[in-house]
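If you're wondering where the values come from, they're calculated on a predicted model, not measured in any experiment.
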Amino acid sequence: MNNTLAVPWRTFMEIKQHHKHPHSPAYNLLLQAGPRLKLLHQVHAHVIVSGYGCSRFLLTKLLNLACAAGSISYTRQIFLIVPNPDSFLFTSLIRSTSKFHSFSVYSLYFYTRMVLSNVAPSNYTLTSVIKSCADLVALRHGRIIHGHGLVNGFGSDVYVQTALVSFYGKCGDLCNARKVFDKMRDRSVVTWNSMISGYEQNGFAKEAIRLFDRMKEIGVEPNSATFVSVLSACAHLGAFVLGCWVHEYAVGNGLDLNVVLGTSLINMYTRCGNVSKAREVFDSMKERNVVAWTAMISGYGTNGYGSQAVELFHEMRRNGLLPNSITFVAVLSACAHGGLVNEGRRVFESMREEYRLVPEVEHHVCLVDMLGRAGLLDEAYNFIKEIHEDPAPAIWTAMLGACKMHKNFGLGAQVAEHLLASEPENPAHYVTLSNIYALAGRMDQVEMVRDNMIRKCLKKQVGYNQLTRKCREARYVTVSDSVMHELEEGEREFALGYHGEKLVIAFGLLKTSRGTVIRIVKNLRMCEDRHSAIKYISVISNREIIVRDKLLFHHFKNGSCSCLDYW
C-alpha cells in the first residue's frame, strides 16, 4: 500500500471497528480528511458495502472531495448514482466545480441537470454558476441564468447582483454591468471593485477612475483589490499624480504591500516613466514572485535602461527564481532597445538550452528587432528564414522597420511583399512600404502603393506657436517622413509643426509651473521629426519631458533622450 495512504487507511479501519454507523462524527471527519482519490475510492466502497450507498449526505461529501481531487469523471460517476438529487446536492456540486477554472463548463452542466430536474436554485447556486459563466466568457448562457434569477425572485439579491456585475464586466458587456450596478440598493466594496475592474479590463480607464472618485465621495472604504484596478487604469492613462495618491493612501492606512499590490505599483510607476520609484517599491516588497521580477525588468527595458534590466534578470536567476516566457520577452526587448546584441543572443540561447522553453512569436520578434536595430540585417533575415513555421506578420514588421531605419530599400521591398501577402488589409504596412519607396526616390512605386490603399479603402491610423520658432532659433530643422516628400518645403514645415506632441507640450508648458515634468502618452510610434524637436524643446524650456509611445518610453532632458536616438 502507498505510504501516503497507510496512516489514513489505518485510521479508517479503526473508525470502522468502533463506529458502525457511517453518519458518526468520526466517520464524517474521515471523509473531510482530504481529496485523496485512492482513499476516496476505498471509503466509497465501504459506504456501499455497509448499505449506505444511497445516502445523499455521504455522497454529497464524496462528490465535493472527488471534485477537489481533480477527478471530474469520478465526480460525474458518483452524481449519476444519486437518486433524486436535491437543491443542496446540486448547489454543493456547482459551487465545487466553479472553484476550478478547468471545471467551469461542468458547473454549467450540473446547473443544466438541476434545471431539467425541476429543482429550484438558491442564491448560492446562481452566484456560483454565474461565476463559471464569467470564467468561460459565456455571455449567452449567463444572460439566460440572469433571467432564471429574476424568475426565481433573486433579482435584488446583493450576492447575485454582485456576481452579475463581475460576469458582465468580464464578458465586455459594460452596459448591462452598469445597469445591474446602478439598480443595487446596497453595494459592498466587492461590488464597486467588480464594476471598476470591468471598466479597466475593457480599456475604459477614465471611466474606472471616475467611478473610483465616486466611490470615495460616498465614503466607501477601498481595499487592496480596488487599488490594483485603479493602479492599472493609472498606468494605462499615465495618471502619475493619482497613482502616487493611491500609493500614499495604501501606506498611510497600513495596507499590506502584497505581491499583487506591489506589482501593480511597479507597473504604474514604470508606465508613468518613474523607474526610481518603481525600484523603491520593488526593494520594499517582502515577497517577490516571478511576476514582480518580470514587471521590474520590463519597466527598466521600456524606459531605456537595458543594462539594468539584464542585471536584474541575472540577479533573479541567482535568487533561484525560474524565468518564464514573459520574463524572456521583457529581457530580449530590453536588449533590443538598448543595443545589447551579444547579451541578447546569450539570453535567447539560455531560454532554449538552459530552461527548455520553446521560443514563441514574441521572442522571435524581439530577436529580429534587436539584430535589425543593430544593422545586422542579413543575420536577422536569415534567422527569419530558419523559423520552421510561416513567420508571423509581427516578425516581418520588425524586419521592415529595421530596413527602413538603415535605408536598405531593396531588402525592405522584399520584406514588405511578404508582409502584404500575410496581412493585405493592414494600412500600416502600405504606409511603411510607401515611405521606403519614397526614401529610395522611386515615386512611381509610391503612387502605386497609394493607389492600392485607395482601391482597398485603407486609411492610416491618426493619432504652431512660439515653441516652434524658438526651436528653429536653436537650429532645429524639421525631419520629414516620406509621406511629406511631394510637399513644398514651406508646406512640409507647416504640416510638421502641427504634430500632436508639439501642441500637447506647448499646452503643458503654459499650464504647469516651472520645473514640472511633462508626461505624454500616445498610441503611435515616435517619428524622427518629433523626437528631434522634443530634444530641442527640453533645452529651451529647461524641462524634463517623458513621452510614452506605442512601444517605448523616451525621457528627454537637456537636449538628449534616454533611448540615445536608438529606437
Side-chain angles (χ1 to χ4, degrees), residues 98 101 104 107-108 111 121-239 241-243 245-246 249-250 260-261 264 267-268 271 521 523:
S98 71
H101 194 284
S104 294
S107 181
L108 283 175
Y111 177 76
S122 68
N123 59 342
Y124 297 110
T125 316
L126 292 170
T127 54
S128 297
V129 73
I130 290 168
K131 176 188 177 298
S132 293
C133 289
D135 292 339
L136 294 168
V137 196
L139 182 59
R140 186 173 65 86
H141 293 85
R143 284 174 174 164
I144 292 170
I145 294 167
H146 185 180
H148 292 174
L150 296 174
V151 169
N152 286 276
F154 297 110
S156 299
D157 183 273
V158 66
Y159 299 106
V160 174
Q161 288 177 315
T162 299
L164 285 168
V165 171
S166 177
F167 156 70
Y168 281 122
K170 288 182 178 179
C171 291
D173 188 351
L174 296 177
C175 181
N176 275 316
R178 190 58 188 259
K179 282 181 182 178
V180 176
F181 179 84
D182 288 339
K183 288 178 181 177
M184 295 179 68
R185 292 191 299 270
D186 299 310
R187 304 187 192 104
S188 67
V189 65
V190 177
T191 311
W192 284 91
N193 290 349
S194 296
M195 193 67 241
I196 292 170
S197 175
Y199 278 131
E200 183 275 319
Q201 291 176 0
N202 285 280
F204 295 92
K206 290 181 180 178
E207 287 77 4
I209 289 175
R210 287 194 194 104
L211 193 61
F212 174 64
D213 289 337
R214 177 62 182 155
M215 180 183 180
K216 290 190 297 177
E217 286 172 9
I218 64 174
V220 179
E221 193 73 18
N223 60 18
S224 293
T226 318
F227 291 138
V228 168
S229 294
V230 173
L231 286 168
S232 182
C234 291
H236 179 77
L237 295 172
V241 175
L242 178 58
W245 180 90
V246 170
Y249 183 96
V260 177
L261 182 57
S264 296
N267 279 328
M268 184 277 295
R271 294 193 68 189
V521 178
N523 66 329

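Smallest separation of non-hydrogen atoms from Gln161 and Val180: O-CG1, 3.7 Å.
Lys179 contributes atom NZ, which lies 13.5 Å from atom CG of Leu164 (distance to the nearest 0.5 angstrom). Rounded to the nearest 0.5 Å, atoms CG (Leu126) and CG (Asn152) are 7.0 Å apart. For the atom pair CG of Asn123 and OH of Tyr159, the computed distance is 8.0 Å after rounding to the nearest 0.5 Å. Taking CZ of Phe181 as the reference point, atom OG1 of Thr162 lies at 9.5 Å (rounded to 0.5 Å). Summarising the geometry, atom SG belonging to Cys234 is positioned 10.0 Å from atom CD belonging to Glu200; distances are rounded to the nearest 0.5 Å. Rounded to the nearest 0.5 angstrom, Met215 CE and Thr191 OG1 are separated by 9.5 Å.
Taking the charged nitrogens against the carboxylate oxygens, Asp213 and Lys216 do have a contact shorter than 4.0 Å, which makes a salt bridge.
Arg187 is not listed as a side-chain neighbour of Val165, based on a closest heavy-atom distance of 4.5 Å or more. Looking only at side-chain heavy atoms (C-beta outward), Thr226 and Trp192 stay at 4.5 Å or farther from each other.
Ser104 and Ser107 share no side-chain donor-acceptor pair at under 3.5 Å.
The side chain to side chain contact (heavy atoms under 4.5 Å, CB included) test applied to Asn267 returns Thr263, Ala295, not counting sequence neighbours.
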I'd like a table of donor-acceptor pairs (distance under 3.5 Å, sequence neighbours excluded) in which one partner is a side-chain atom from residues 139-146, with atom names and distances.
residue	atom	partner	partner atom	Å
Arg143	NH2	Asp173	OD2	2.9
His146	ND1	Tyr168	OH	2.9

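Of the possible polar contacts, one joining the Thr127 side chain to the Tyr124 backbone as a donor-acceptor pair under 3.5 Å is found. Here the side chain of Ser194 pairs a donor or acceptor atom with the backbone of Val190 at under 3.5 angstrom. Ser232 contributes no side-chain N or O that, together with a main-chain N or O of Ser229, makes up a donor-acceptor pair within less than 3.5 Å. Listed for the Asn223 side chain is a donor-acceptor partner under 3.5 Å among the backbone atoms of Ala225.
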